[in-house]
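Quick note: numbers below take in every heavy atom, side chains included, and nothing from hydrogens, waters or symmetry partners. Protein chains get the first letters and strands the later ones, always in sequence-line order, with residue 1 at the start of each.
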Protein chains: 2
Amino acid sequence: MRLTHEQFRELAAKHGLAVTHQRQVVYEAVIASHGHHSPESIYAAVRRRIPSISLATVYNNLRLFIECGLLREVTPHASTLRVDGNIKPHHHLVCSRCKSVQDIEGEFIDFNRLSRQLPDGFDLTQPLIEVFGLCRRCRAKT
Amino acid sequence: MRLTHEQFRELAAKHGLAVTHQRQVVYEAVIASHGHHSPESIYAAVRRRIPSISLATVYNNLRLFIECGLLREVTPHASTLRVDGNIKPHHHLVCSRCKSVQDIEGEFIDFNRLSRQLPDGFDLTQPLIEVFGLCRRCRAKT
DNA sequence: CGATCGTTTTATACTGATTATTATTCGATA
DNA sequence: TATCGAATAATAATCAGTATAAAACGATCG
Ligand SMILES: [Mn+2]
Ligand SMILES: [Mn+2]
Ligand SMILES: [Zn+2]
Ligand SMILES: [Zn+2]
């Protein structure tokens, strides 16, 4: 999706961001992609319009957009592999900020409703849920 | 938790794994850690009992344990950052195998029950849920 | 026993994603 | 036009994880 300079200007202002050409193009590439894409693939798309752009600029601006709420991050606890010795099916509570993981009990999922929403062929025989929020410590830090 | 050699031997046999001293110590380190730890931290723990162990062995055996179901992986889509241009609160359906992400609609969470399970101080004002399963393609591959 | 062979471990090199650093460029303003 | 802070580009560095190849292990057979 292309935005006019005016539209992006307004959007950026609302989120407290300075406007640059690079930023507008990066943002538009994300929106146009209609999915959940990696920085590399955004970079590839952006280069078609700004061949001289640097990968670091793409990363910087994606981070910036995420911080100010223009984009949403989809990478729960992506930094490193984690293993769980408890293989009984159970769900997790994850802090969006510090990526800490703790177990959570309880039957809070309506599996009937959930299965009605599943795309065809998706296998949910061992459903695992991750609920994201802010842990106490991160919340305290503001 | 320490297991006797016999206990681990039995456990490994059940999952079709050969028994080695390294494997037993790695496994015990995960179980004893009672949490969701990274390979590096498991490595640190294991080195206290086998100073000569190599990091690759820890990785190899963790992967092996995960594959055969002795451990559970807790790393949803860990390989790389993903961004979402859609910042309206919505939930995701994630394939545990290929890490693909798609949106999922619907009110399938009972937030009353959920909040009752939350540890003190956990902030769930903007609850985001990720539901894990197997996408059609990965399911077909067996 | 002692040789053999497949498996496991070790040591180390390598890759790929991300971040850090630093110099350059840009743009608003005086 | 000169100045200054912010943004970008170029590049180096880091870090998690994987690949590779040599060494060690351990069961088995003669
Ligand atoms: Mn757990
Ligand atoms: Mn989404
Ligand atoms: Zn936190
Ligand atoms: Zn899949």
### Query
Given atom NZ of A/Lys99 and atom C1' of D/dC15, what is their separation to the nearest angstrom?
17 Å
### Mutual orientation of the aromatic rings belonging to B/His90 and A/His36 [parallel < 30°, tilted 30-60°, perpendicular > 60°]
tilted
#### Entry: Integer-rounded Å distance: D/dA19 P and B/Leu55 CG
14 Å
## Note on the structure
Rounded to whole Å, CD1 of B/Ile50 lies from P of C/dA11 at a distance of 12 Å
### Message
Can you confirm whether A/Arg116 sits close enough to B/Phe108 that some side-chain heavy atom of one is under 4.5 Å from a side-chain heavy atom of the other?
### Response
no
#### Entry: Whole-Å distance separating the OH atom of B/Tyr43 from the P atom of C/dT10
9 Å
#### Entry: Candidate nucleotides C/dT18, C/dA20, D/dG17, ranked by approach to the side chain of B/Pro39 - the nearest
D/dG17
### Query
Within less than 4.0 Å of OP1 or OP2 of D/dT8, is there a side-chain N or O belonging to A/Arg23?
yes
### Query
Contact class for A/Ser38 (heavy atom, under 4.0 Å): base, sugar-phosphate, or nothing?
nothing
### Message
Is it true that A/Asp84 and B/His37 share a donor-acceptor pair across their side chains at a distance under 3.5 Å?
### Response
no
#### Entry: A/Ile66 CD1 to C/dT18 C1', straight-line distance once rounded to whole Å
13 Å
### Query
Hey, does A/Ile53 reach any base, or is it just sugar-phosphate, or nothing, if we go heavy atoms under 4.0 Å?
sugar-phosphate
### Query
Expressed in angstrom and rounded to an integer, what is the separation of A/Glu67 atom CD from C/dT19 atom P?
11 Å
### Task
State whether B/Thr20 places a side-chain N or O below 4.0 Å from either non-bridging phosphate oxygen (OP1 or OP2) of C/dT9.
yes
### Query
Quick one: which of D/dA16, D/dT11, C/dA17 gets closest to the side chain of A/Glu40?
C/dA17
### Query
Rounded to whole angstrom units, what separation is found between the CZ atom of A/Arg63 and the C1' atom of C/dA17?
11 Å
### Query
Among C/dT8, C/dA20, C/dT9, which is the nearest nucleotide to the side chain of B/Thr57?
C/dT9
### Query
C/dC26 phosphate, OP1 or OP2: any side-chain N/O from A/Gln22 under 4.0 angstrom?
no
### Query
Under 3.5 Å, is there a donor-acceptor pair linking the side chains of A/Glu40 and A/Ser38?
no
### Message
Classify A/Thr80 by what it touches in the nucleic acid, base, sugar-phosphate, or nothing, heavy-atom distance under 4.0 Å.
### Response
sugar-phosphate
#### Entry: Contact nearer the 5' end of DNA chain C, comparing A/Ala56 with B/Asn60
B/Asn60
### Query
Does B/Arg82 pair with A/Glu73 as a salt bridge, N-O distance under 4.0 Å?
no
### Query
DNA chain C: A/Tyr59 or B/Asn61, which has the more 5' nearest nucleotide?
B/Asn61
### Task
Starting from C1' on C/dT9, measure out to CZ on B/Arg47 and report it in whole angstrom.
15 Å
